[in-house]
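This chain uses plain numbering: 1 for the first residue, then up along the sequence. These numbers were taken from a predicted model, which means no experiment stands behind them.
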Amino acid sequence: MNCILCEGPATLFFIEPRNQYQYLHCQTCDLRFLHPQFRLTSKEEHSRYLLHKNDINDLEYQKFVSPLYKVVLDRCSSDSIGLDYGCGAAPVVSHLLTQQGYSVLHYDPFFKPDKGVLEKKYRFILAVEVVEHFYDPGRELLKLSHLLDPKGALGIMTLLYNPKDSFESWYYKNDPTHVCFYSELTFQWIVSKFGFSSCTFYGPRTLWLSR
């Protein structure tokens with residue numbers, strides 16, 4: 001079948017022994033993704049998200065998002081307007097930024113489905129543990145790119161897959177709402193195709209894509 005990101009040919013990469021889930025790999029953009037036939041329904045997906053611990057004052061989660069929070073503080077002035085895309089029920093990183101004087105709007109298809117915010121332009125967009133949930137990452141990333149102003153940037157948190165590691169023992173794939181997995185090579189391909197000039201990696205989980 002075709003890759004859900006670049007539409008190039010994708011081949012079977014791994015079959016999970018526990019549940020027979022099939023994962024495919026694209027040689028063009030290096031994306032690995034769950035075969036669509038094994039995805040949850042929208043109702044099942046929503047139910048999984050409701051099980052999350054949702055608290056903007058959770059100190060452990062504040063620590064978790066702090067790398068991206070610090071990048072925004074370093075790269076964007078406090079008069080910047082941002083969007084927390086896929087913010088969930090408790091938008092922790094945007095809560096922290098608001099405390100520092102930033103204006104951050106919110107969008108989430110389940111918890112804050114205000115599509116009016118998708119008609120504006122933003123200096124920065126944040127996607128915290130979001131892109132691994134995209135059923136159509138090509139369409140979603142193109143949309144986010146169009147929502148940025150000419151000097152805007154996209155900040156992402158997602159655990160990158162290192163091809164040197166064992167996919168079978170990689171815990172990140174075990175969440176049934178995680179359906180696509182990116183490597184550094186994948187984001188280098190994204191930069192070249194979606195109107196970005198560069199991608200800076202801050203460890204294995206935090207990225208900053210600049211226009």
Side-chain angles (χ1 to χ4, degrees), residues 1-16 19-40 42 45 67-68 71 75 83-86 107 109 118 122 124-211:
M1 67 172 293
N2 290 339
C3 175
I4 59 174
L5 173 59
C6 73
E7 298 185 350
T11 56
L12 184 64
F13 165 65
F14 177 74
I15 299 177
E16 173 59 60
N19 50 31
Q20 300 303 299
Y21 282 10
Q22 297 179 14
Y23 296 85
L24 294 95
H25 176 219
C26 176
Q27 296 290 338
T28 302
C29 68
D30 205 40
L31 187 78
R32 290 153 178 85
F33 61 96
L34 179 69
H35 193 291
Q37 77 179 69
F38 298 103
R39 293 172 180 170
L40 300 179
S42 179
E45 189 179 6
L68 184 56
V71 173
R75 288 182 174 253
L83 174 67
D84 191 343
Y85 188 83
Y107 176 77
L118 304 180
Y122 298 94
F124 63 89
I125 297 175
L126 306 178
V128 180
E129 293 291 303
V130 169
V131 298
E132 64 274 10
H133 300 278
F134 286 165
Y135 285 0
D136 189 345
R139 180 177 62 86
E140 294 283 358
L141 289 166
L142 182 62
K143 175 170 64 178
L144 295 179
S145 175
H146 288 164
L147 290 174
L148 291 170
D149 70 32
K151 295 184 179 180
L154 174 60
I156 291 175
M157 290 191 72
T158 190
L159 185 58
L160 298 177
Y161 177 65
N162 185 338
K164 295 180 181 179
D165 295 336
S166 166
F167 192 78
E168 181 174 7
S169 59
W170 194 50
Y171 81 94
Y172 204 61
K173 75 176 187 315
N174 297 335
D175 184 329
T177 67
H178 291 182
V179 298
C180 52
F181 311 101
Y182 310 75
S183 67
E184 288 193 10
L185 285 176
T186 309
F187 276 103
Q188 291 170 9
W189 183 91
I190 288 168
V191 165
S192 70
K193 297 297 182 180
F194 290 95
F196 297 100
S197 63
S198 64
C199 178
T200 305
F201 298 93
Y202 297 86
R205 198 171 211 126
T206 304
L207 311 91
W208 189 258
L209 284 73
S210 301
R211 293 291 295 269

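- The structure places CG of L34 at 12.0 Å from NE2 of H178, a figure rounded to the nearest 0.5 Å.
- Within a 6.0 Å radius of CD in Q188, more than 12 heavy atoms belonging to other residues, nucleotides or ligands are found.
- Judged purely by atom type and a 3.5 angstrom limit, S210 has no side-chain atom pairing as donor or acceptor with the backbone of A153.
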When you look at L148 and F196, which way does the side chain to side chain contact (heavy atoms under 4.5 Å, CB included) test go after all the steps? CA-CA 10 Å; L148 291 170; F196 297 100; 3.7 Å; yes

For side chain to side chain contact (heavy atoms under 4.5 Å, CB included), just list the numbers for F181 and T186, CA-CA rounded to whole Å, side-chain angles, deciding distance to a tenth of an Å, and then say yes or no. CA-CA 9 Å; F181 311 101; T186 309; over 6 Å; no

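- Not one N or O on the side chain of K151 forms a donor-acceptor pair closer than 3.5 Å with the backbone of R211.
- L160 CG to Y172 OH: the interatomic distance, rounded to the nearest 0.5 Å, is 9.0 Å.
- Residue I125 holds its CD1 atom at 12.5 Å from OH of Y107, rounded to the nearest 0.5 Å.
- Checking side-chain atoms of R32 against main-chain N and O of D30 turns up a donor-acceptor pair under 3.5 Å.
- Taking every heavy atom of both residues into account, I4 and C180 meet most closely at CD1-CB, 4.2 Å.
- Residues L159 and W170 are in side-chain contact: their nearest non-hydrogen atoms beyond the backbone lie under 4.5 Å apart.
- The shortest side-chain heavy-atom distance between F33 and L5 does not fall under the 4.5 Å cut-off.
- Proximity of the aromatic rings of F167 and Y161 is defined here by a centroid distance below 6.0 angstrom, and this criterion is met.
- The backbone N or O of F194 lies less than 3.5 Å from a partner atom in the side chain of S145, making a donor-acceptor pair.
- The structure places CG of L207 at 9.0 Å from OG1 of T200, a figure rounded to the nearest 0.5 Å.
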Give the intermediate values and the outcome of side chain to side chain contact (heavy atoms under 4.5 Å, CB included) for residues V131 and E140. CA-CA 9 Å; V131 298; E140 294 283 358; over 6 Å; no

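- The side-chain heavy atoms of P67 and Y202, taken from C-beta on, include no pair separated by under 4.5 Å.
- Of all non-hydrogen atoms in P137 and L31, the two that sit nearest each other are CG-CD2, 4.4 Å.
- Residues F38 and V179 have side chains not in contact (no heavy-atom distance under 4.5 Å, counting atoms from C-beta outward).
- In this structure, OH in Y122 is found 13.5 Å from CG in L154, a value given to the nearest 0.5 Å.
- Atoms NE2 and OG1, from H133 and T177 in turn, are 4.0 Å apart once rounded to the nearest 0.5 Å.
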Apply side chain to side chain contact (heavy atoms under 4.5 Å, CB included) to residues H35 and M1 and explain how you reach the verdict. CA-CA 9 Å; H35 193 291; M1 67 172 293; 3.9 Å; yes

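- A donor-acceptor pair is defined here as one N or O able to donate and one able to accept, closer than 3.5 Å; no such pair exists between the side chain of T206 and the backbone of M157.
- The aromatic rings of Y23 and Y21 sit tilted relative to each other, their planes meeting at an angle between 30° and 60°.
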